[in-house]
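Here's the structure, in structure tokens; my notes come after.
Numbered from 1 within each chain, the chains take letters A, B, ... in sequence-line order.
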Amino acid sequence: MTADSPEKTQAAPSAAKIAEHGIKPDEYLRLVELLGRHPNPTELGIFSVMWSEHCSYKSSRVWLKQLPTTGPQVIQGPGENAGVVDLGDGLAAIFKMESHNHPSYIEPHQGAATGVGGIMRDVFTMGARPVANLNALRFGAPDHPKTRHLVAGVVGGIGDYGNAIGVPTVGGETNFDARYNNNILVNAMCVGIAPTGRIFYSAAAGAGNPVVYVGSKTGRDGIHGATMASAEFDDASAEKRPTVQVGDPFAEKLLLEACLELMQEDAIIAIQDMGAAGLTSSSVEMASKGGVGIALNLDHVPQRETGMNAYEMMLSESQERMLMVLRPGSEPLAAAIFKKWELDFAVIGETTETGRLQVSHRGVLEADIPIPALADEAPVYERPYQLRKPLPLIGADEVPAANSATEALLKLMGSPHLSSRRWIWEQYDHMVMADTVERPGGDAAIVRVHGTKKGLALTCDVTPRYCFADPFEGGRQAIVESWRNLTATGADPLAVTDCLNFGNPERPEIMGEFVGCIQGMAESCRALAFPVVSGNVSLYNETNGVAIPPTPGIGAIGLIPDLAARASIGFEPGQTIVLLGAASGHLGQSIYQLIATGAFNGAPPPVDLDAEKRAGDLVRMLIRLGLCHTVHDVSDGGLLVALAEMALAGNTGFELTAAPADLPLHALYFGEDQGRYLLGVDADAAAAIVARAGAAGVPARIIGVTGGDRIALPGEDPLPLARLRGEHEAWFPRYFGER
Amino acid sequence: MRASVIVFPGSNCDRDVAVALEAVMGKAPRMVWHGDSKLPDSDLIVLPGGFSYGDYLRSGAMAAHSPVMRAVAAKARQGTAVLGICNGFQVLTEIGLLPGTLMRNASLKFICKDVHVRAARTDTLYAKLYPADRAIRLPIAHKDGNYFADEETLDRLEGEGRVAFRYCGPDAEITPEANPNGSRRNIAGLYDESRRVLGLMPHPERMIEKDLGGSDGRPFFESLINGLQ
Amino acid sequence: MKARVTVTLKNGVLDPQGKAIANALGSLGIEGVSDVRQGKFIEVELNETDPARARAALERMCKELLANPVIENYRYELGDA
Amino acid sequence: MKARVTVTLKNGVLDPQGKAIANALGSLGIEGVSDVRQGKFIEVELNETDPARARAALERMCKELLANPVIENYRYELGDA
Ligand SMILES: Nc1ncnc2c1ncn2[C@@H]1O[C@H](COP(=O)(O)OP(=O)(O)O)[C@@H](O)[C@H]1O
Ligand SMILES: [Mg+2]
């Protein structure tokens, strides 16, 4: 590097400039101390993105350490682009979930699309072929004027990207709540599979090794996206918005194939996708993890626009780009592969022994910063937090009973909260790659591990209203629900990725929600030996002081050793229905309560981790032994909703013959008690199953039989399945004026 | 029996159809990169589903200009069997091996779901093993599957017996309600004059075993491969 | 040299996108729109400076790629807008 | 009254479609195309006969439906082409 160093006499940027970059006055003092001088504009930009909440995890880092992250199955925990777990037979699953909330609110179609593109890059950067995508979506109230447009745009964007690239979108979840009116959440999850011997990491090594840029060209897209993701919205944000990133799934498909092709060779030392804060964060992360320096010459960066300066190039969030450190000499081989796939390929720098990020452009050294100042020495906060007093338990008598349980069921199943999500997932290609064994609509999706008899079970879960009512219980519940959904298919739950969406952490009550949820999650993860291997934090999801409900989204995967022994939710005629788990009729925070009273109140249903574990282990054993292949867990909406979902999925009615507990009917039918499963089993196996459950310490009762085309409840007129299906399927199409 | 699958940049059902062919044929097909201007000797050429060139501009438009497509068209005219599935169907219309075009679905949305189709005739290379009067369940997954040709062309195609498959209900009735995308005359698949070139919107390769939700796609490949042996 | 290409649907070809726009206008409260047809607008930057040769290139482009003759018409203009 | 609306991508916004078309033209043997940008062209048939009112309706249409103001610009002309 021959260019001159930025001057020691560099003038201080104005206070306004510093504030514009989201750097607090005390943070600026620290910056100057670490740098030994004032930063020039490019350096200020680099610090601003690296020290943003989004890249530095400065508010969350101390708490994330509480999550258990290890286990015999874990090959790589948090800290890399994605988590890696062992699937046996030389294969590993690589997966992660990430938010794209702010961009999706500003431009739903492109925001959601680029969210999908971003999370897929995290996965194939590590050498995995993506095999499934999921998405967890939270929208505002259906009657809010923006909601319809946002739902249509987000779903369209997710579909356009995933469908084109040819990775099936197999599951997710969708909620509506007025508290998301101005802060929708779009969390995308991707799961890939790689040979355990060919996993790629992001730590650079050595000096003098070429740093290579591949993919699409750099434009002025999304400059300051990372800083934006780290600030609250206010009415002026619409003006501040950066050039929106537009996704190019075609370019990503080429990038995926080209990277996987190069990964067959022994050419890559380190690889890192360019996500938020593009070239800056990718180069700093590679250098930081490898304890090396990195020198970039921006003259060689492929550019889409003319006249871009160093600031713009370092902060651009143009999509579909990767940075790699190659073994010297392998450039021609790599270049040929990227040329074949019609992608840009350029050597833009090299690793160094300086321990610094040095960026030159047109002969000028535009940035010269010690790497640790941008990474390990970035600010970390132990923000003050205030735990909220949990809401009191609510008794069944505090929630009005329904005149007719079937009428209440129809209302619940036809509501935006529980209606069929078919309108969404039919816009997603959920079958491409021809390994989708369990399609959307069940508890967890299942994709076959290509070429084997194994299956991966995949799910996304969290119940934000529970987390709001009691962050600790809500955090515990989110983990157990995902564990239960995996279990219900017959899978061994393997590991978790999370996407922690909260409001402004500078407010102690929001920080309290964050702390409570993490502690709850950690407790469940420990109890179930269900480690967190990757994740993402999205804070400042609030507008004009109104925060979203705490939404620690959980993505989880499990392994089905042999697809011959698995379960799905559809009833078959002639089955005996067994309920596992204790019924206490908990109506606080239930969907029934919302429909009956217009609000959520009281404590959420408590989680009993021991009981969860016993019930889950039993269910898995029954499935493995071939004693049962019809299973559904009981969650949102309670027992009757779960039964109705099983009936619709299998197009088979049922009759309830015995009340499972001595409770008021509305509590019995609609209480959201945790730790429960419904099984459809052969009539002659039912008694033995109940006995096994007893031996395992799991409450079990035979509550009915399946068959016919109606739902028959004691003391009620039978409800034809066709009518229920009509209501259940109607909400989304009606909402979009399609019928 | 030699099969080749053409891989365009953006193809994404190339592996799926190769797996299905191998499952039935016992032998893997050749994968041919779009940039190759020479085709290996083939009894069957498959244009797979996906988003060739991103399906930008119009679905299949840019793939139709790939170097390899000239060779494919020449082979088709000499009588080699050519099967275009989904995006492959779109490429076949764009290059003019099949008439008409595939427009945006009437709903404007991408649709992925199982539908039913019925073979319009069962005396062909592709449909020999299907019953004439029963519904076949196959998945569709497309945004541009709305088959369009003018009335005159449609009459001619029907007169020449070139309609291959039509969308129908589970009871095999061909009704407007069973039409998922607005296709003229419920057309889901179309032959060329020789009936050796087929464009098909649904994906038989996704339904060749019970674990994937059904096996109605298997007779399609069995018929094809037996016929070409 | 800049050129602007407009690709429109032929008469008689059903236009689902245009129809959807027309419906949406109604629900936006914009009345009195009797028909909407959607086409494409493509701007091309040519290195060519000779108008005749530019026109020939444009003609080929439109015929062979930009428009689908089964359903679409095209027209183009040369020069800056 | 007829109106013609043209919607184009703002400067600096990535246009994957245009990029792909430009590449395809190259492989068609059409040389010398340095840039392609794809937009939309929409023909609207209005019942309105008053130009001022028609313009107001068009303005709303473009803003609220036809163009995505975050990434696109629009312009329109009234009257027959
Ligand atoms: N945004 C979405 N994308 C794809 N699938 C979805 C989406 N939202 C919900 N689903 C699917 O709908 C089904 C019901 O969802 P949910 O009620 O959240 O399931 P559970 O209660 O078992 O967690 C699941 O199979 C889920 O994967
Ligand atoms: Mg479930």
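Within a 6.0 Å radius of CD in B:Glu151, more than 12 heavy atoms belonging to other residues, nucleotides or ligands are found. Heavy-atom neighbours of B:Arg70 CZ from other residues, nucleotides or ligands within 6.0 Å: at or below the threshold of 12. Counting heavy atoms of neighbouring residues, nucleotides and ligands inside a 6.0 Å radius, atom CG of B:Asp171 exceeds 12 of them. No more than 12 heavy atoms of other residues, nucleotides or ligands sit less than 6.0 Å from atom CZ of B:Arg30.
Separating the CG atom in B:Leu57 from the CG atom in C:Asn68 is a distance of 9.5 Å, to the nearest 0.5 Å. With rounding to the nearest 0.5 Å, the separation of CE in B:Met62 from CG in C:Leu65 is 6.5 Å. Taken from NZ in C:Lys19 to CG in B:Leu108, the straight-line distance is 9.0 Å, to the nearest 0.5 Å.
In terms of heavy atoms, C:Pro16 sits closest to B:Asn105 at CB-O, 4.2 Å. In terms of heavy-atom proximity, C:Leu14 sits nearest to B:Phe148 at N-CE1, 4.4 Å.
Neither the backbone nor the side chain of C:Val7 comes within contact range of chain B; no heavy atom of the residue lies under 4.5 Å from a heavy atom of that chain.
Two residues are said to be in side-chain contact when any heavy atoms from C-beta on lie closer than 4.5 Å; C:Asp15 and B:Met103 fail this criterion.
A donor-acceptor pair is defined here as one N or O able to donate and one able to accept, closer than 3.5 Å; such a pair exists between the side chain of B:Arg58 and the backbone of C:Leu66.
Contacts with chain B were tallied for C:Ala67, C:Ala20, C:Gly12; C:Ala67 has the most, counting heavy-atom pairs under 4.5 Å.
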